[in-house]
Amino acid sequence: MTDRSPSARSSDRARPDVAVVGAGPIGLAIAWRCAARGLRVVVHDAAPGSGASAVAAGMLSPVAEAYFGERQLTELLLASAARWPAFAAELTETTGAAIGYRTEGTLMVGLTGDDLAEARRLWAYQQGLGLPVTPLRPSELRDREPALAPRVRGGALAPTDHQVDPRLLVPALRTAAQRAGAALVPQAVRQLSDVDARVTVVAAGCGAAALTGLPVRPVKGQILRLRAPDGVAPGFRHVIRGYADGEHVYLVPRSDGEVVLGATVEERSDTTVTAGAVQRLLRAGVDLLPELAEYDLVEAVAGLRPGTPDNAPILGPLPGRPDVLAATGHHRHGIVLTPITADLIADLVLGGVPDPLLAPLRADRFGAAGPAGPAMAASGGPEPTMEGDRWS
Ligand SMILES: Cc1cc2nc3c(=O)[nH]c(=O)nc-3n(C[C@H](O)[C@H](O)[C@H](O)COP(=O)(O)OP(=O)(O)OC[C@H]3O[C@@H](n4cnc5c(N)ncnc54)[C@H](O)[C@@H]3O)c2cc1C
């Protein structure tokens, strides 16, 4: 896509090869990968890292989030998660920054008999796909995490579902991109015609809709941060995803004592924190892990996931605009999908043969009137994502 011949370079020295709109995890990782491959890169963002990543939990959970009807999306999540160990190592080596990458795995648990029955349906589906999900007896569960409530009826281990801290990841990506030569312009882009580059990559999260007309919508998520008393590490090591009296929550322990407890999924575009959501999250969290009641509640915040009609990202050229690539719509999965998105988009910028993984992710798949064509969901169009339907 970009002509890097000597004549092209000498005739056009000042113009960037790539302008990336948006300095969230997706835009910064793309900028890093492109700059590291010798391209002149400029990143535009008035408030780098201020989007969904600023509140995200950072679970890398392709297995626990393998849902019915999302087979192709699951394959993409697995492919990206497989790149995470090398990506994390390279990022830490390049920047010297810790990013909170942890590999203890994820425990999925059910509090009541009904919760366990619901969870088991999903685990059976995930096992049917050949994914590593190991059911555990209650005694095995408590051997792994003694802090779980005695009421928890059962669970399963997803050992390959890991975590990273997005609040450490994004600054590290920014450092890596800048060290590779990318320049940051601290301004928002109002319209694409204001950007002068051979290729423009729109990685603006929810901001992509106004710039491109793509069907990216905000999906609100409220999330809490707690802190273990006296600065000690939380009393559990795995990411815990639980069904608790019908509520779906997750608990993500950080080494510095923080616990992330989330999150609502709401079809709204405000970032107000509501008492009802805080109550539901805390009740479910404390029911699963009673010691949380003694933790400090240090933050209650909401962010906006960039959702698409089929829950999968949009990666590739805008219809009729081969010089403008979309890299947006990562919804609940932008952190886990960061490595693969960066590699696939950098390959496209450099004019490589498009990876077959990109075919179902193209920007024209929704047509003019919304979701249509070979979308990622296996059938039936968009999945409902109403508050309470799924917590993520
Ligand atoms: C509560 C919650 C929990 C989550 N948990 C997880 C999780 O556990 N695992 C996971 O993989 N994902 C999770 N996510 C999803 C993840 O945060 C997003 O998918 C991811 O942040 C998307 O990255 P992005 O860079 O595309 O967008 P964002 O992180 O939203 O960043 C977009 C950037 O673009 C900039 N921008 C916007 N408009 C413009 C413009 N016009 N010009 C210039 N810049 C612009 C913004 O300032 C921002 O810096 C969660 C999200 C939420 C809300």
Side-chain angles (χ1 to χ4, degrees), residues 19-31 42-62 64-65 73 76-77 80-81 84 106 161-167 169-170 173-174 184-192 194-195 200-212 216 218-225 239 241 249-252 260-266 268 271 273 277 281 299-308 311-315 326-342 345 391-392:
V20 180
V21 183
I26 298 298
L28 289 169
I30 291 168
V42 173
V43 185
H44 300 263
D45 196 328
S50 65
S53 70
V55 309
M59 292 175 296
L60 311 173
S61 298
E65 298 205 6
L73 177 57
L76 185 73
L77 296 173
S80 195
W84 253 102
T106 295
D161 277 7
H162 299 152
Q163 63 143 312
V164 69
D165 186 342
R167 290 180 174 178
L169 170 69
V170 171
L173 286 170
R174 181 173 169 173
L184 186 65
V185 177
Q187 279 173 356
V189 170
R190 287 169 178 268
Q191 50 197 12
L192 291 181
D194 293 343
V195 179
T200 300
V201 178
V202 182
C206 291
L211 292 169
T212 62
V216 178
V219 181
K220 177 178 174 181
Q222 300 187 53
I223 195 162
L224 307 178
R225 281 175 167 77
V239 171
R241 302 177 65 102
V249 291
Y250 52 73
L251 295 142
V252 183
V260 182
L261 169 55
T264 66
V265 179
E266 306 168 62
R268 300 171 61 101
T271 51
V273 174
L281 288 167
E299 189 179 350
V301 68
L304 300 174
R305 306 172 183 88
T308 65
N311 298 334
I314 302 171
L315 305 181
T328 185
H330 291 76
H331 198 206
R332 304 187 317 266
H333 306 299
I335 307 302
V336 64
L337 289 175
T338 291
I340 203 161
T341 300
I345 295 291
W391 295 57
S392 179

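The chain is numbered in sequence order, starting from 1. All of these numbers come straight from a predicted model, not from anything done at the bench. As the structure lists them, so they are numbered: ligands from 1, and atoms in each ligand from 1.
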(message) Are any of the N/O atoms on A188, whether in the backbone or the side chain, positioned under 3.5 angstrom from an N/O atom of ligand 1?
(response) no
(request) Measure the distances from the heavy atoms of S50 to every atom of ligand 1 and state whether one is below 4.0 angstrom. (result) yes
(request) Kindly determine whether H162 and W84 satisfy side chain to side chain contact (heavy atoms under 4.5 Å, CB included), including the steps that lead there. (result) CA-CA 9 Å; H162 299 152; W84 253 102; over 6 Å; no
(request) Please state which part of L211 comes within less than 4.0 Å of ligand 1, counting heavy atoms only: side chain, backbone, both or neither. (result) side chain
(message) I'd like the name of whichever of V189, V239, T328 reaches closest to atom 41 (N) of ligand 1 through any heavy atom.
(response) V189
(message) Side chain or backbone, does I223 bring an N or O within less than 3.5 Å of an N or O on ligand 1?
(response) no
(request) Examine G303 against ligand 1 and note whether any of their N/O atoms are separated by less than 3.5 Å. (result) no
(request) For the residue pair H331 and T308, confirm or rule out a side-chain donor-acceptor distance under 3.5 Å. (result) no
(request) Indicate yes or no: does an N/O atom of P48 lie under 3.5 Å from an N/O atom of ligand 1? (result) no
(message) Within ligand 1, which atoms have a heavy atom of G49 less than 4.0 Å away?
(response) 49 (O)
(request) Could you list which atoms of ligand 1 come closer than 4.0 Å to a heavy atom of G24? (result) 25 (O), 31 (O), 33 (C), 49 (O)
(message) Could you tell me, atom by atom, which parts of ligand 1 come under 4.0 Å of a heavy atom of A47?
(response) 47 (O), 49 (O)
(message) Pairs of nitrogen or oxygen atoms closer than 3.5 Å, one from Q222 and one from ligand 1: do any exist?
(response) no
(message) Checking contacts here: is it the side chain or the backbone of H331 that comes within 4.0 Å of ligand 1, counting heavy atoms only? Could be both or neither.
(response) backbone
(request) Report, in ascending order of atom number, the atoms of ligand 1 lying under 4.0 Å from any heavy atom of H333. (result) 10 (C), 11 (O), 12 (N)
(request) Look at atom 45 (C) of ligand 1 and find which of A54, G329, P25, A204 reaches it with the closest heavy atom. (result) A204
(request) Pick one of side chain, backbone, both or neither for how H44 approaches ligand 1, counting any non-hydrogen atom pair under 4.0 Å. (result) backbone
(request) Answer with side chain, backbone, both or neither: which part of R332 has a heavy atom less than 4.0 angstrom from an atom of ligand 1? (result) backbone
(message) When you compare ligand 1 with A327, is there at least one nitrogen or oxygen pair between them that comes in under 3.5 angstrom?
(response) no
(request) Please confirm whether R305 comes within less than 3.5 Å of ligand 1 when only nitrogen or oxygen atoms on both sides are compared. (result) no
(request) Heavy-atom distances under 4.0 Å are what count here, so tell me which part of V55 touches ligand 1: side chain, backbone, both or neither. (result) side chain
